[in-house]
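Comments concern the structure below.
Indexing begins at 1, ligand by ligand and atom by atom, following the structure's order.
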Amino acid sequence: MSEAVSLSRFILQQQRKYPEAAGDFTLILEQIAFAAKIISREVNKAGLVNILGSVESKNVHGETQQKLDVYSNEQMVKALDPTGKVCAMASEEIEEMLPVSDKSLEGKYAVVFDPLDGSSNIDVNVSIGTIFGIYKRLDDNDCEKSLLQAGQSLVCAGYVIYGSSTMFVYTTGQGVNGFTLDPSIGEFLLSHPDIKIPEYGKIYSINESNYFRWPKGIQEYVNFIKQHPDRQYTLRWIGSLVADFHRNLLKGGVFLYPEDSKNKNGKLRLVYEANPMAFIVENAGGMATDGRQRILDIKPESLHQRVPLIIGSKYEVEKYLEFREKYG
Ligand SMILES: O=P(O)(O)OC[C@H]1O[C@](O)(COP(=O)(O)O)[C@@H](O)[C@@H]1O
Ligand SMILES: [Mg+2]
Ligand SMILES: [Mg+2]
């Protein structure tokens, strides 16, 4: 039986590679894992405690906020701000940049997050998640700028999946590693070292109910993979980006939330959904594009801008780009 390696020990071992490191980054990552454990506890007993359903308020996207959206957002802020290491935060659930307490103004990092991903699945006990990205502070005077950096400037990105087990998956640019929560000891333990996404996959994940609103190139691409001459593809759509992405990361495949006549820029948000996932997939050997350019090259203009997202196994994403090139 291989030795159990806790997330805390793994993070510390990574830190030792940087003798100049002061431990700020380590503390931030530890606090995100801490918030994830608290959210996981509430998710696991969601039907028993008053955390299902929605609250009156709507978020900046006009979506009715779920109680768990609000609760998860609070846990992330409560975990990050007291560190004094985070000078700015951006969350899906909050319109403006999140204010931080005075002592954090000197913080060297900025954190973006989707506190609860897959909100439409909360009340029906289907896997949901949390997504995060960490940037180095850009400018001493204007910390908000640090939140609007291109994804290629991320120093760390990860997600937590609250599914049959709770997993914490992250990368700092040197490989992608997955840790499973052992509730009996309250520790994330290394269970999926050095994850590599297969170059080819047989799974495609797209909300086909948007078919007739797609540009021709996307319709032709989906028609093609349904009648692929050599390989039998299968459709899987959970409706939680984290869960659909996680499955494809392990098994190979492609996730697509492209633009359509209703959602001109797709549905997902660049800063705290597309960028962190793109950083992870590239570090696992995969690809992420908006159909025209690499997601990580896009310079965000606003905290909540949307972007078409095509992400997953290299061959599958390249095949998609071929069809867009050919049919528009
Ligand atoms: O309802 P649709 O159109 O299938 O969209 C599902 C997508 O929307 C999302 O739920 C959006 O994320 P949030 O739940 O964080 O708002 C993604 O997780 C998922 O991939
Ligand atoms: Mg989301
Ligand atoms: Mg969300």
Side-chain angles (χ1 to χ4, degrees), residues 35-36 39 42-43 46 51-55 57-77 89-95 98 111-133 157-163 203-214 218 222 235-249 253-278 280-281 288 290 295 303-312:
I39 297 168
E42 293 308 301
V43 168
I51 204 152
L52 292 178
S54 59
V55 291
S57 55
K58 288 188 183 294
N59 64 19
V60 60
H61 315 283
E63 296 158 350
T64 303
Q65 289 180 308
Q66 302 299 305
K67 287 181 187 159
L68 210 51
D69 285 324
V70 175
Y71 179 83
S72 307
N73 188 65
E74 282 163 8
Q75 296 317 314
M76 288 292 280
V77 174
M89 293 181 262
S91 165
E92 177 196 358
E93 298 308 325
I94 308 290
E95 181 154 5
L98 276 143
V111 182
V112 299
F113 54 89
D114 176 356
L116 203 287
D117 178 66
S119 307
S120 63
N121 283 323
I122 294 171
D123 290 2
V124 289
N125 206 355
V126 171
S127 299
I128 49 183
T130 294
I131 307 171
F132 66 91
Y159 60 84
V160 186
I161 177 167
Y162 311 104
I203 296 170
Y204 70 107
S205 311
I206 193 166
N207 185 338
E208 283 222 26
S209 66
N210 297 325
Y211 184 91
F212 293 104
R213 285 193 283 266
W214 292 332
I218 303 174
V222 171
L235 172 66
R236 289 283 183 276
W237 184 252
I238 296 171
S240 296
L241 166 63
V242 164
D244 282 309
F245 175 87
H246 183 70
R247 181 207 44 251
N248 294 355
L249 182 70
V254 59
F255 172 96
L256 313 100
Y257 211 116
E259 72 275 18
D260 60 48
S261 55
K262 194 174 98 205
N263 297 310
K264 294 272 177 290
N265 291 310
K267 176 179 181 178
L268 302 174
R269 284 53 60 120
L270 174 62
V271 169
Y272 42 76
E273 290 176 316
N275 266 335
M277 295 314 224
I280 295 164
V281 89
D290 67 351
I295 291 285
L303 290 179
H304 303 287
Q305 74 184 71
R306 298 178 193 268
V307 69
L309 179 63
I310 291 83
I311 186 168

Q. Considering all heavy atoms of both residues, which atom of G118 and which atom of I128 are nearest to each other, and what is their separation?
A. O-CG2, 3.3 Å
Q) Atom CG of L256 and atom CD1 of I310: how far apart are they, to the nearest 0.5 Å? A) 5.5 Å
Q: Might you list the protein residues in contact with ligand 1, defined as having a heavy atom under 4.0 Å from one of its atoms, sorted by chain and number?
A: E63, E92, D114, L116, D117, G118, S119, N207, W237, G239, S240, L241, F255, Y257, K267, L268, R269, E273
Q) Can you say whether the rings of Y272 and H304 are parallel (under 30°), tilted (30 to 60°) or perpendicular (over 60°)? A) perpendicular
Q: Could you check N59 against Q65 for side chain to side chain donor-acceptor pair (under 3.5 Å), going step by step and ending with a plain yes or no?
A: CA-CA 6 Å; N59 64 19; Q65 289 180 308; 5.9 Å; no
**Q.** Near the Mg ion (ligand 2) (under 2.8 Å) - protein N, O or S atoms
**A.** D114 OD2, D117 OD1, E273 OE2
Q) Side chains of I94 and N73: closer than 4.5 Å at any heavy-atom pair? A) yes
Q: Decide yes or no on ring-ring contact (aromatic ring centres under 6.0 Å, His included) for Y204 and W237, but give the supporting numbers first.
A: CA-CA 8 Å; Y204 70 107; W237 184 252; over 10 Å; no
(Q) I need the single residue from I161, I238, L241 that forms a side chain to side chain contact (heavy atoms under 4.5 Å, CB included) with H246. Which is it? (A) I161
Q | Exceeds 12 heavy-atom contacts within 6.0 angstrom, atom CG of N125 | A | no
**Q.** Nearest atoms (heavy-atom pairs only) where P258 meets I218
**A.** CB-CD1, 3.4 Å
